[in-house]
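A short worksheet on the structure shown next.
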2 protein chains.
Amino acid sequence: MPGPGRPREFDRTSALDAAVRVFWRQGYEGTSLRDLTAAMGIGRPSLYAAFGGKEQLFRAVVARYRETEMAYVRAALDRPTAHEVAEALLHGQLDALRRPGLPAGCLSVQGAAAVSAGNAGVAEFLAAGRLAGEAALAERFARAVDEGDLPPGTDPAALARFLQVVLEGQAVHAAAGVGSADLARSAELALRAVPAGGRRRRAPR
Amino acid sequence: MPGPGRPREFDRTSALDAAVRVFWRQGYEGTSLRDLTAAMGIGRPSLYAAFGGKEQLFRAVVARYRETEMAYVRAALDRPTAHEVAEALLHGQLDALRRPGLPAGCLSVQGAAAVSAGNAGVAEFLAAGRLAGEAALAERFARAVDEGDLPPGTDPAALARFLQVVLEGQAVHAAAGVGSADLARSAELALRAVPAGGRRRRAPR
DNA sequence: TTACCTCTGTACCGAACAGTACAGAAGTTC
DNA sequence: GAACTTCTGTACTGTTCGGTACAGAGGTAA
């Protein structure tokens, strides 16, 4: 139901999805407003009216990316055991990387890896998001220790950090052009660091 | 021994080292010629005369970075066992990340993670370098299998990829501000994936 | 129809970008 | 000394950057 005034001629979400792909492929600083308006099919003033500017658009893009491309993360945390959580994360990422027609790698990792001084805030924003994901994972693993699902003595924070490091490394590797099949074999090695099934394995020391 | 003509007023290697730090912190596209000339203490024409331009300077910077900041890699490959190779790589990286006054993370990982279309070649150049490192590591692990140092049936390529993924992930994590002490605990978990000491462990499946 | 409101396209802003022409300075060789 | 060669600083090139002023188009509400 449009209010008064001329109605917007584009769909905000479709335009946002187009911006996701551009920022994903080219990073924050590698993307110009010309790239964005061309991909989104809108004029520059429309972009400013709808999203506020380049940086605000980027933040909206990251939020959208997390909702769509990283939906597997939320689902993974709900798995019943720590090992299944880790498995769902690693496999979910591999599935996400396998999708055709999308840029390689991960927007959150490569979107603002290193930036000029003026855009340091953007890099910090992405880094904080990744560390928040790690913290959520650590909390989940701490619960697993409480539940006896992970062996007592397990350091949940260290395990979460290890897993997050692997996920980030896989993203870097995927961006370099390595395919999901090859990444799956290294993911399998990583998965062994997470004790499986009740108390049948020894605790990591 | 200077030849004819006015002698250069700056030291090429010192200027290169200054450029390393700038590119390391801000990435390829995040670094402007103004940033470079200011840090290097030279004028723009001097930069062009000595290095050829921004991209050529960046390639020289990466070569210099590999020689200095990544010297531990070459040394690690000479260790007698696969486990020691992996340990030397992980610890060498941690030591490198611990050095004060230098930018966080790794130039090779974050220097051109995502770039505009016009600079795609720079990103490919860095990615190829990382994959070459992984290939060298795979070769080293294949030798370890031959020597009986790694259990028969071990996939050296997969193990090398895993380790490289972890190293890249640690670099991303370090760039986010995570300290070496915290990274060391995840490195320890990664190290367990590399069988140690003769045939005392089972082969990874 | 009239009044009002919001979006769209053009055209522009100052600033920064990578790269270079050119004149003069500072050395060497003869 | 003169001739030659190379480097340095200033000033400039055209282009692109993110962001915006403004006029007109396209709607709603009375």
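Order of the sequence lines sets the chain letters (A, B, ...), proteins ahead of strands, with each chain counted from 1.
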* Would you mind telling me which of dT8(D), dC5(C), dA21(D) lies closest to the side-chain atoms of Pro4(A)? => dC5(C)
* Structure fact -> In terms of heavy-atom contacts, Ala127(A) and Ala176(B) come closest through CB-CB, 3.7 Å
* Asked: When you measure from the centre of the six-membered ring of Phe125(A), is the NZ or CZ of Arg66(A) under 6.0 Å away and within 45° of the axis?
  -> yes
* Structure fact -> Of the candidates dT6(C), dA21(D), dT8(D), the side chain of Arg6(B) sits closest to dT8(D)
Please set out all donor-acceptor pairs under 3.5 angstrom arising from side-chain atoms of residues 97-108 of chain B, sequence neighbours excluded.
unit_1: Arg98(B); atom_1: NH2; unit_2: Asp95(B); atom_2: OD1; d: 3.3
unit_1: Arg99(B); atom_1: NH1; unit_2: Glu69(B); atom_2: OE1; d: 3.0

* Taking the side chain as every heavy atom from C-beta outward, state whether Met70(A) and Gln93(A) have any pair of such atoms under 4.5 Å apart. => no
* Asked: Would you say the side chain of Leu89(B) lies within less than 4.5 Å of the side chain of Val85(B), judging by non-hydrogen atoms?
  -> yes
* Is there a side-chain contact between Leu150(A) and Leu159(A) (heavy atoms, below 4.5 Å)? -> yes
* Residue Arg44(A), side-chain atoms from C-beta onward, closest of dT8(C), dG19(D), dA18(C) -> dG19(D)
* Asked: In residues 47-61 of chain A, which ones come under 4.0 Å of DNA chain D, going by heavy atoms?
  -> Tyr48(A), Lys54(A)
* Asked: Just how far, in rounded Å, is P of dT8(C) from CZ of Arg12(A)?
  -> 13 Å
* Asked: Mind checking whether Val172(A) and Glu168(A) have side chains closer than 4.5 Å, heavy atoms only?
  -> no
* Asked: Is it the case that Lys54(B) places NZ or CZ above or below the six-membered ring of Phe23(B), under 6.0 angstrom from the centre and within 45 degrees of the axis?
  -> no
* According to a strict under-4.0 Å criterion, is Ser46(B) in side-chain N/O contact with OP1 or OP2 of dT8(D)? -> yes
* Could you check which residues of residues 17-36 of chain A get a heavy atom under 4.0 Å from DNA chain D? Sort them by number, please. => Thr31(A), Ser32(A), Leu33(A), Arg34(A)
